[in-house]
Every structure is written in C-alpha cells, then in structure tokens.
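Whatever order the structure lists them in is the order used to number ligands and atoms, beginning at 1.
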Amino acid sequence: MNVIIDTDPGNDDAIAILLAIASPEIDLLGITAVAGNVPVAITSRNARMICEMASREYIPVYNGEDKPLKNPQVTGEDAHGRSGLEGVEIVEPKFPPESKHAVDWIIESVLSNEGEISICAMGPLTNIARAFEREPRLPEMVRELVIMGGSKFQGGNITPMAEFNFYVDPHAANLVFKSGANITLAPLDVTFQARMEEEWIHRLADAGDIGKFARDILMPSYRFNSERYEGEYAPLHDPFTVAYIIDPSLFKKRPVRVSIETESPLCMGASSIDWWNVTGDKPNCNVLSEVDSNGYFELIYQRVKSLDNK
Ligand code: RIB
Ligand code: CA
C-alpha cells in the first residue's frame with residue numbers, strides 16, 4: 001500500500017512513523033510536515049530525525065504549510081515539549097527537507113498515481129486542504145484519506161468542544177470533509193478506548209535501541225495524559241491511522257456525516273459527528289467506532305521490535 005504520512009511530530013506522530021517504517025504492508029512514499037504540535041520547521045526536523053534513525057532507506061520529507069488557512073497558529077508544546085519530541089535528545093538530521101513544497105508534492109504524487117495512494121493525516125489538515133483547494137480533481141483520486149482528529153462523545157482536548165488537529169485549522173478540516181474524498185476518521189472517541197499502560201511502554205525497551213527511543217518518547221506523553229485525565233486515559237492517537245491501513249480488522253467503523261464548526265468562538269473546530277443520522281444528510285466518511293486495544297498495542301510493539309533488527 002502506497003502511503004503518504006502528513007504529520008506534526010509530536011510524540012504520538014513519532015510512533016505512527018515508526019509503525020509505518022516497520023510494516024511491510026506499507027510503502028512509505030514520503031512524509032509531509034505541517035505546523036501543529038510545534039512549528040513546521042521543527043515538525044520537519046523531527047520527521048527527518050525519526051526516519052534517519054529508524055529506516056535504512058532514505059525517506060523524503062517535505063515541508064508544508066507553516067500556519068492555518070485563516071486562524072492564528074496554535075501549538076501544543078504543553079503536551080509534546082518545545083522540541084516536539086519531549087523525552088529524547090534531538091539529533092539533527094543529516095538530510096535537509098526536499099526542496100519541493102509538501103502541497104506541490106502531494107498534488108503531483110496523487111495526480112500521477114490515481115487511486116493508488118493513501119494518505120495518513122495526523123496533524124492539522126492544512127496541507128491536505130491546500131492540495132484539494134489547488135487541484136479540485138485530487139479528492140476523488142486519493143485512494144483513502146485516514147485522519148486522526150475530531151471528537152463527539154469524548155469532548156475536546158484543546159477546548160471543551162474541539163480536538164487539537166481540527167481546532168488548529170478548522171477551515172482546513174471543513175474543506176476536507178466537504179471535498180468528497182474517501183475519508184476514514186479516528187476521533188478521540190475511539191483513540192481514548194486504547195489506554196496505553198506504563199508496563200507496555202517499559203516493555204518497548206526490550207525492543208532494542210528503537211524500542212528505548214519509543215519508550216523515552218512515550219513516557220512524557222503517558223505522564224502528561226495520566227495527569228490531565230486523572231489516571232483514567234492515556235491515549236496514543238496517531239498510530240491509529242497507520243494501524244488501520246495495516247490491519248483494518250482491528251477496528252469497527254460506521255458511515256457518518258461529519259461537519260466542522262468554523263464560526264463560533266465557543267465551538268471553533270468542533271466536529272459535528274451525526275452518529276444517529278438525525279440530519280438525514282448523506283454520510284461523508286467512515287468513523288472508527290471501536291478498536292481491539294490489545295491487538296493495537298501488540299501490533300505496535302511487534303513492529304517497533306522488528307525495527308531493531310533492520
Ligand atoms: O488531538 C490529538 C492530535 O493532536 C494528535 O495528532 C496529536 O499529535 C496532536 O497533533
Ligand atoms: Ca499529530
């Protein structure tokens with residue numbers, strides 16, 4: 001499966017990238033960095049650092065949009081640290097980002113491989129929205145757009161009403177969900193079902209140097225979430241998008257109409273997920289509703305472990 005990862009690493013993004021690199025089911029064509037958890041220069045550096053550390057093959061990283069379509073930039077250093085990869089020493093990557101802009105590369109790649117490329121989008125949707133805006137044929141040509149974002153019953157994690165990725169760029173999310181693309185969405189409602197356990201994180205350290213890196217990346221995230229959610233939740237959001245591509249049988253999904261709030265200050269970025277189809281509107285995506293949590297974490301563990309022998 002040809003895959004582009006659009007990302008804002010970010011601790012959970014980092015694990016998603018490792019999972020993709022480690023998985024034979026995925027041909028990772030490249031990574032597009034977007035402003036999100038930290039500014040785009042840092043998300044790009046982090047993506048390149050992770051690729052150089054974990055992959056024998058060169059993986060191109062393209063710098064994307066440095067700010068949302070309309071709203072002011074909001075970042076997430078509280079959760080991911082100023083480096084975006086709190087918990088590990090930053091090793092400056094050997095390779096610079098590709099000279100081509102991420103949006104240009106996404107457009108060119110999809111246009112020349114119609115129906116062949118899936119995109120895992122795990123940051124604000126600014127790059128994806130810009131690509132769809134610039135090339136209206138693109139939404140129909142992407143094989144599948146698997147997005148981590150949004151929330152319904154779970155409530156928000158950046159405001160009471162909105163999830164971070166959709167809050168940071170609600171106009172981009174709105175454009176993407178109106179685009180007609182073949183979307184699968186992993187909202188907080190499903191990512192909160194998979195509770196990361198400290199024992200599992202420490203087990204990762206058995207998986208060699210990469211496993212230790214993953215452990216060091218995840219412990220600050222575990223502590224942050226355990227404190228914020230009073231020990232009730234410790235989600236690992238972004239690998240959902242990659243795990244779904246690798247093994248969709250780990251999930252249940254449901255066709256639903258999703259709309260994004262772009263006007264209300266109180267509800268900016270909120271995702272109206274019409275679970276019971278009360279509007280009668282045609283569904284515009286499949287929402288992941290359940291996850292086999294043990295299967296999810298075992299997949300990540302086994303694949304990260306396989307990287308140590310690469
Ligand atoms: O709300 C969680 C999402 O926001 C994750 O993708 C995390 O990395 C941040 O980007
Ligand atoms: Ca992310």
Side-chain angles (χ1 to χ4, degrees), residues 4-20 31-40 42-47 50 61 64-65 67-68 71 73-87 102 119-128 145-170 172-173 176 184-196 214 217-218 220-222 224-225 228-229 233-244 260 268-271 273 287-288 291 300:
I4 291 172
I5 286 182
D6 188 71
T7 180
D8 63 335
N11 290 27
D12 54 333
D13 306 68
I15 304 303
I17 294 169
L18 292 180
L19 179 60
I31 292 179
T32 51
V34 67
N37 288 317
V38 286
V40 68
I42 301 177
T43 61
S44 167
R45 182 211 55 201
N46 291 346
I50 295 158
V61 174
E65 296 296 310
K67 60 183 179 301
N71 286 6
Q73 185 177 9
V74 170
T75 51
E77 284 90 350
D78 59 334
H80 300 269
R82 286 175 57 79
S83 74
L85 295 177
E86 187 168 357
I119 299 175
C120 291
M122 50 190 83
L125 291 167
T126 318
N127 287 341
I128 310 303
L145 175 57
V146 190
I147 297 170
M148 191 279 135
S151 176
K152 178 177 175 59
F153 302 107
Q154 184 63 44
N157 62 353
I158 181 83
T159 71
M161 297 303 294
E163 177 278 328
F164 180 85
N165 288 335
F166 288 8
Y167 176 76
V168 168
D169 199 341
V176 167
T184 297
L185 176 66
L188 296 181
D189 308 87
V190 75
T191 64
F192 272 69
Q193 290 177 25
R195 176 181 163 54
M196 191 165 51
I217 280 265
L218 287 175
S221 183
Y222 173 80
F224 173 84
N225 283 307
R228 163 177 278 193
Y229 300 112
Y233 301 113
L236 183 55
H237 305 288
D238 290 339
F240 270 71
T241 59
V242 176
Y244 172 77
I260 310 296
M268 182 62 74
S271 44
I273 299 179
V287 175
L288 299 186
V291 59
I300 294 171

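The minimum distance between the Ca ion (ligand 2) and any N, O or S atom of Asp238 involves atom OD2.
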Pairs of donor and acceptor atoms involving the side chains of residues 153-161, under 3.5 Å and at least two apart or interchain, shall be tabulated with distances.
unit_1 : atom_1 : unit_2 : atom_2 : d
Asn157 : OD1    : Phe164 : N      : 2.9
Thr159 : OG1    : Met161 : N      : 3.1
Thr159 : OG1    : Ala162 : N      : 2.9

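Contact annotation: Met122 places an N, O or S atom under 3.0 Å from the Ca ion (ligand 2).
Ligand 1 is surrounded by Asp8, Asp12, Asp13, Asn37, His80, Met122, Met148, Asn157, Glu163, Phe164, Asn165, His237, Asp238, each with at least one heavy atom closer than 4.0 Å.
With Met148 as reference, Asp238 is the one residue of Val190, Asp238, Asp13, Leu288 to meet the side chain to side chain contact (heavy atoms under 4.5 Å, CB included) rule.
Seen from the Ca ion (ligand 2), atom OD1 of Asp13 and atom OD1 of Asp8 lie 90° apart in angle, a value rounded to 10°.
At least one donor-acceptor pair closer than 3.5 Å links the side chain of Ser83 to the backbone N or O of Leu85.
The local environment of CZ in Phe240 is crowded, with over 12 non-hydrogen atoms from other residues, nucleotides or ligands closer than 6.0 Å. Other residues, nucleotides and ligands contribute only 12 or fewer heavy atoms inside 6.0 Å of the NZ atom of Lys67.
Side chains of Asp8 and Thr43: a donor-acceptor N/O pair is absent below 3.5 angstrom, by distance only.
Note on ring orientation: taking the six-membered ring where Trp is involved, the planes of Phe192 and His237 are tilted (angle from 30° to 60°).
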